[in-house]
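Below is one structure; the comments refer to it alone.
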Amino acid sequence: NAGVTQTPKFRVLKTGQSMTLLCAQDMNHEYMYWYRQDPGMGLRLIHYSVGEGTTAKGEVPDGYNVSRLKKQNFLLGLESAAPSQTSVYFCASSHFGPQHFGDGTRLSIL
Amino acid sequence: DQQVKQNSPSLSVQEGRISILNCDYTNSMFDYFLWYKKYPAEGPTFLISISSIKDKNEDGRFTVFLNKSAKHLSLHIVPSQPGDSAVYFCAASVGGGSNYKLTFGKGTLLTVNP
């Protein structure tokens with residue numbers, strides 16, 4: 001009964017470091033999404049995928065890359081982290097219905 | 001350019017009373033609207049949705065009303081319970097089918113006092 005699982009839950013990076021956030025879903029959903037949430041802001045779409053092997057840009061894609069090599073996984077990469085990327089990142093998945101969200105990854109860039 | 005607006009950052013109500021959360025949108029292409037509920041340190045959870053072909057949708061204590069001419073929707077919770085205390089996000093999309101990109105409001109923090 002896992003749903004959408006995000007790894008890691010917390011991470012602190014130094015400016016310029018790289019990292020990958022992992023999202024895994026066990027509901028066989030076709031569509032997956034990455035959002036970021038900043039204080040006082042709603043969720044903003046970074047990238048999304050409509051199926052295995054596909055990705056597309058959302059509202060705020062700059063500084064991020066994504067990959068969907070397997071249907072159940074959607075990876076979000078930061079090549080060179082910047083303080084402006086300090087945020088809470090949420091992954092979601094859907095298939096003919098509302099999006100289901102993971103519990104988020106809290107990322108701090110120093 | 002905020003396309004989905006929740007102008008009340010917070011709302012406080014007494015247990016048992018009605019909670020009314022409001023949401024306005026500017027994009028006339030939006031045709032599918034959702035409300036999500038979020039507790040601290042958790043992800044948003046889907047609550048209720050409404051298509052633009054309807055003006056009301058009800059699910060237990062939760063009812064969403066849509067006024068397309070005013071580009072306004074509201075979520076009514078009756079009766080409110082302390083467990084309803086959370087941040088509520090309004091979201092909208094164009095084409096509410098299987099693949100849709102959501103535009104979120106900034107959220108309203110609802111506090112239900114015992």
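Since the model is a prediction, treat every value here as computed from it, not as a measurement. Chain letters run A, B, ... following the sequence lines, proteins first, then strands; residues in each count from 1. Side chains included, hydrogens not; waters and symmetry mates left out as well; all remaining heavy atoms used.
Scanning all heavy atoms of the two residues, the minimum distance from A:Tyr48 to B:Lys101 falls at CE2-CD, 3.3 Å. Pairing each heavy atom of B:Phe89 with each of A:Gly42, the nearest pair is CE2-CA, 4.0 Å. Heavy-atom minimum distance, B:Leu34 versus A:Pro98: CD2-CB, 4.2 Å.
Two different hydrophobic clusters hold A:Phe101 and A:Leu107 under the rule that ILVMFWY side chains link at heavy-atom gaps under 4.5 Å. If you chain together hydrophobic residues whose side chains sit under 4.5 Å apart, A:Met19 and A:Tyr89 fall into the same group. Cluster membership for A:Val88 and A:Phe74, using ILVMFWY side-chain heavy atoms within less than 4.5 angstrom, is not shared. Note on A:Leu78: it does not cluster hydrophobically with A:Phe90, by side-chain heavy-atom contacts below 4.5 Å among ILVMFWY residues.
Within 6.0 Å of CE in B:Met29 there are 12 or fewer heavy atoms belonging to other residues, nucleotides or ligands. Within a 6.0 Å sphere centred on CZ of B:Arg17, heavy atoms belonging to other residues, nucleotides or ligands number 12 at most. More than 12 heavy atoms of other shown residues, nucleotides or ligands fall within 6.0 angstrom of atom NZ in B:Lys68. Within 6.0 Å of the CD atom in B:Gln14, the count of heavy atoms belonging to other residues, nucleotides or ligands exceeds 12.
Neither the backbone nor the side chain of B:Tyr39 has a heavy atom closer than 4.5 Å to any heavy atom of chain A. For chain B, the nearby part of A:Leu45 is the side chain; its heavy atoms alone come within less than 4.5 Å. In this structure, chain A has no heavy atom under 4.5 Å from any part of B:Ala91.
Each of B:Pro44, B:Gly107, B:Cys90 has some count of heavy-atom pairs under 4.5 Å with chain A, and the biggest count is that of B:Pro44. In terms of non-hydrogen atom pairs under 4.5 Å with chain B, the most contact-rich of A:Met41, A:Gln99, A:Gln6, A:Arg44 is A:Gln99.
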Check the pair B:Leu102, A:Tyr33 against side-chain contact (heavy atoms from CB on, under 4.5 Å), reporting the backbone distance first and the verdict last. CA-CA 10 Å; B:Leu102 297 178; A:Tyr33 314 80; over 6 Å; no
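If you take CD on A:Glu59 and CD on B:Gln3, they are separated by 8.0 Å, rounding to the nearest 0.5 Å. Annotation: the span from B:Phe104 atom CZ to A:Tyr35 atom OH amounts to 5.0 Å, rounded to 0.5 Å.
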